[in-house]
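Following: one structure in structure tokens, then a few remarks.
In each ligand, atom 1 is the first atom listed, and ligand 1 is the first ligand listed. Only a predicted model underlies this, so the values are computations on that prediction, with no experimental measurement involved.
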Amino acid sequence: MDQETYVPRHIEDVEIQEWLESLDSVLLSSGAEVAREIMERLRAHATVSGIDLPFSANTPYANTIPARLEPLFPGDQQLERRIKSLIRWNALAMVVRANRLEHNIGGHISTYASAATLYEVGFNHFFRARSDSFEGDTVYFQGHAAPGIYARAFLEGRLTVQQLVNFRRELKPGGGLSSYPHPWLMPDLWEFPTVSMGLSPLMAIYQARFNRYLENRGLKPATDAKVWAFLGDGETDEPESLGAITLASREKLDNLIFVVNCNLQRLDGPVRGNGQIIQELESAFRGAGWNVIKILWGSEWDPIIERDTEGLLVKRMGEMVDGEYQKLVVSSGAYIRQFFFGSDPRLLKLVDPLPDEALRRLRLGGHDPRKVYAAYKAAFEHKGRPTVILARTIKGYGLGEAGEGKNVTHQQKKLNEDELREFRSRFGIPLSDQDVNELPFYRPAEDSEEMHYLKARREALGGYIPQRKVRSAPLVADHDELFKEFFEGSEGREVSTTMAFVGMLRKMLKDREIGKLVVPIVPDEARTFGMESLFRTVGIYSSVGQKYEPVDVNTLLYYKEAKNGQILEEGITEAGSMASFIAAGSAYATHGINTIPFFIYYSMFGFQRIADFIWAAADMRTRGFLLGGTAGRTTLAGEGLQHQDGNSHVLALPVPNLRAYDPAYAYEIAVILQDGIRRMYKDGENIFYYITVMNEPYAMPAMPAGAKEGILKGMYKFRPAPERKAKLRAQLFGSGAILNEVLRAQEILDQKFGVAADVWSVTSYKNLYTDGIEVERWNRLHPDETPRVPYVTQCLDGEQGVLVAASDYLKVLPSMISKWAPRRLAALGTDGFGRSEGRESLRDFFEVDSRFIVVATLHELAQDGLVGEATVQNAIKELNINPDKPNPVTS
Ligand SMILES: Cc1ncc(C[n+]2csc(CCOP(=O)(O)OP(=O)(O)O)c2C)c(N)n1
Ligand SMILES: [Mg+2]
């Protein structure tokens, strides 16, 4: 057919009517599924017939669940409202009181005020607690809504008045409450730190996926437990928030529910003043394959919407930008009538019967428990896809003049007496005008209807949440046998520490006790680290197994995906891998399973890129091992400025419960791993590990006797000077692959310059530093007791000679321990941008090779007047060093 021959014509109303009626009749006789199938077929038919249908991931600006399909609300709405009102009050009182007691202590009222119904419907009907017989639902609470969660825990009898009074003043006698969810600070209550926005949505996705991983690997039974993540609409601007949503749909995570509190505002103002954040999010999530449920309008709108047979109202709703919607929130009923409905006389007619005040009271969907319940139920029952609920609310709901819908509302934390009274009356809090200004926390009598109801609901759902508990039993074995072989050295065979680590990993995977608990995590770098043999032996986790014959099926190490595969091959996402690490490393609490994650990645893309996740992991008491692969600014050759890592050991310093090691030899790694497993999984310490591993091959020596303690503490003497009677003496410190340069320097110094140098392996500057500051602190606070001695000082006591340290990281690492050394310490390191070069050139460029170590040693001796300057001068010449070479720090 030639389309050109058609003359465009007006579509007759009856024609449209016929189509609509036939769809209605299908819907009535055969249901939504059949109707959908017909629509899909029609769409396909239209496409093959050459009709160009516009793509739209959006549905109209209307509730996804129409009123007629709403389930019955199973609770007592009146009672639930009274309970919710008390929680609202206590949350508000807590923040306002804290700010009266301590000016500017902060806290948030308006976030919870907008989200109260979203949480309360969850607490009363959906969130199931963890118990011995059921793993429970996992809930990520929006960080800034914490006051509401505390206020509920107070009603539940789980927090005291004292604690509420001390909100944000945790150090006061009797204890207080942390500003936001922090398991480190409140380990019995909070499970997940959520306040750095964007982290929790991504963590929730990987948590839901990890739950499936545990099921598919037979580590826990399959259940219908859900992961709920509550986020702000402004929060979705963080790239992490939406960054992994396709993983959730790809993995068919119908155990995952996002609830986005769409109050259309963030901190400064509207999220999308000139657009519609809800529609934007809908298309992003639908496009990614999620089930999207919008709850935009409350029940009061239903009869109006029903009267609108022409669809004009939905059209008008879809035209308004969020800035206009926000304006309606702060406007009178008359304004709403004129501005919103007044755009079309037919719309005005729809609200004719309603007085202005009723127009002001038209609730939004997110404040209507019936709508919220309907959405949660649909999300709970949805199969095959994750669900996101986009709930429209008002920021600062109920604050009235004090901030409802206003741009300043996010920061409102002080209400005057009138505003408090208004809030009290609005929510029917039984407090007199006099009392209200004192901001008492209100808890109904134990035998009141409210308390009975509240407790009965939680009992029915298995107990209280949030609640954090260590659920796993400690490991029992000591794993001596497992690690023994690595203490023995490679007998001259050249291997890298990465290879050595992979060897240990392979062995751990076979261990009777920990084998099944090991979770190797890798972001598309397994081949780089020589881990591909594990593909075949333990398999790559895939929730669908392997639907294809891998291209390399005929090889020994083929790419094997399996439903019970053990490796989490995450693809190129350090953030996602870290989220898996967190899920696996906190399963000892979440699931009572001691999974031991080993997340190995390109070291430069760790702390540098995902430090905030690492900080959250620390807060969460996550256990496990982070392995920075291809580490060392000069050890990773060729890759240049963006890849060569001389930073991560400095960036690891701030994380208090992280133990960071830069080991040189296989036995050092073995000692650290064995001890780490013991400390974390047997003794239950809340620490985790960062270990750098390199790709430079060299012979691995056997462990010197008595080295274990020093390896773990941070330094030990690896090779004493060959000639101990020499007059010129030095103590040299090396770490990681640079230790070999130090050993070469030791030889040159001995043979060419008559300097006897002892060589120390410094496995952890962080440990030495932590020990030093702790000893200093103790001595400062205990002046009357025998002073303690830092470990560095103990080690160097009586050791003679000048001190020179070299590492593949910034010079600040050795420098920060120099104050506990008996003398000056010269530090060589790799400050500056990397270069694309070979190892030798890089070590020359950064001045950390054996020649520079020799020169630094001689220079130190010259400073002490033990050799002449000419000796240094000669050495520079003899070792072929260009003294006017570019400065690596600034070039
Ligand atoms: C990564 C990060 N950046 C900035 C902040 C500071 N901050 C706290 S709340 C907020 C606005 C939140 O808006 P939204 O996500 O819409 O939450 P609402 O309070 O509106 O529910 C900002 C910018 C933060 N907590 N985390
Ligand atoms: Mg918001």
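Every atom of ligand 1 with a heavy atom of Thr111 under 4.0 Å away is listed here by number and element: 18 (P), 19 (O), 21 (O). Close contacts of ligand 1 with Glu238, meaning ligand atoms under 4.0 Å from a residue heavy atom, involve 1 (C), 2 (C), 3 (N). Remark: ligand 1 atoms within the under-4.0 Å shell around heavy atoms of Gln142 are 17 (O), 18 (P), 19 (O), 21 (O). Heavy-atom contacts of Val195 reach the following atoms of ligand 1: 24 (C), 25 (N), 26 (N) (cutoff under 4.0 Å). Heavy-atom contacts of Asn261 reach the following atoms of ligand 1: 21 (O) (cutoff under 4.0 Å).
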Worksheet item: salt bridge (charged side-chain N to carboxylate O under 4.0 Å, His left out) between Arg272 and Asp237: does it pass, once the steps are laid out?
Response: CA-CA 10 Å; Arg272 291 288 183 276; Asp237 278 340; 2.7 Å; yes
Worksheet item: Should Gln265 and Lys406 be marked as a side chain to side chain donor-acceptor pair (under 3.5 Å) after you check the CA-CA gap, both sets of side-chain angles, and the distance that decides it?
Response: CA-CA 9 Å; Gln265 287 179 244; Lys406 296 187 172 169; over 6 Å; no
Worksheet entry | salt bridge (charged side-chain N to carboxylate O under 4.0 Å, His left out) between Lys371 and Asp302, worked out | CA-CA 11 Å; Lys371 302 288 181 197; Asp302 289 338; 2.8 Å; yes
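What sits closest to atom 15 (O) of ligand 1 on the protein, heavy atoms only, is Glu235 N, 2.9 Å. At the top of the distance list for atom 20 (O) of ligand 1, counting protein heavy atoms only, stands Lys395 NZ, 2.7 Å. Annotation: atom 11 (C) of ligand 1 to nearest protein heavy atom, Leu267 N, 3.6 Å. Of the protein's non-hydrogen atoms, the one nearest atom 14 (P) of ligand 1 is Gly234 N, 3.6 Å. With respect to atom 8 (C) of ligand 1, the closest heavy atom belonging to the protein is His144 NE2, 2.8 Å. Closest to atom 5 (C) of ligand 1, if we only count protein heavy atoms, is Met197 CE, 3.3 Å.
None of Trp184, Tyr206, Tyr140 except one satisfies the ring-ring contact (aromatic ring centres under 6.0 Å, His included) rule with Phe192; the exception is Tyr140.
Look at Arg152 and Glu156 and you find a salt bridge, because one of the NZ, NE, NH1 or NH2 atoms lies within 4.0 Å of a carboxylate O, short of that distance. Salt bridge status for Glu422 with Arg426: absent, with no side-chain N to carboxylate O gap under 4.0 Å.
Listed here is the closest heavy atom pair of Asp645 and Ser648: OD2-OG, 2.6 Å.
By the 3.5 Å distance cut-off applied to N or O atoms, Ser114 is not counted among the residues near ligand 1. For ligand 1, the polar-atom distance check finds an N/O of Asn263 within less than 3.5 Å of one of the ligand's N/O atoms. Between Arg266 and ligand 1, no N or O atom pair is found at a separation short of 3.5 Å.
Protein atoms of type N, O or S found under 2.8 Å from the Mg ion (ligand 2) total 3.
Under the 30°/60° scheme for interplanar angles, the aromatic rings of Tyr373 and Phe73 are found to stand perpendicular.
Of the inter-residue distances, the one linking Arg609 atom CZ with Ile614 atom CD1 reads 12.5 Å to the nearest 0.5 angstrom. Atom CG of Leu177 sits about 8.0 Å away from atom CD of Glu170, to the nearest 0.5 Å. Rounding to the nearest 0.5 Å places OG1 of Thr393 at 11.0 Å from CG of Leu296.
Annotation: cation-pi pair Arg363/Tyr397 absent, no NZ/CZ under 6.0 Å from the ring centroid and within 45° of its normal.
Heavy-atom neighbours of Arg316 CZ from other residues, nucleotides or ligands within 6.0 Å: above the threshold of 12.
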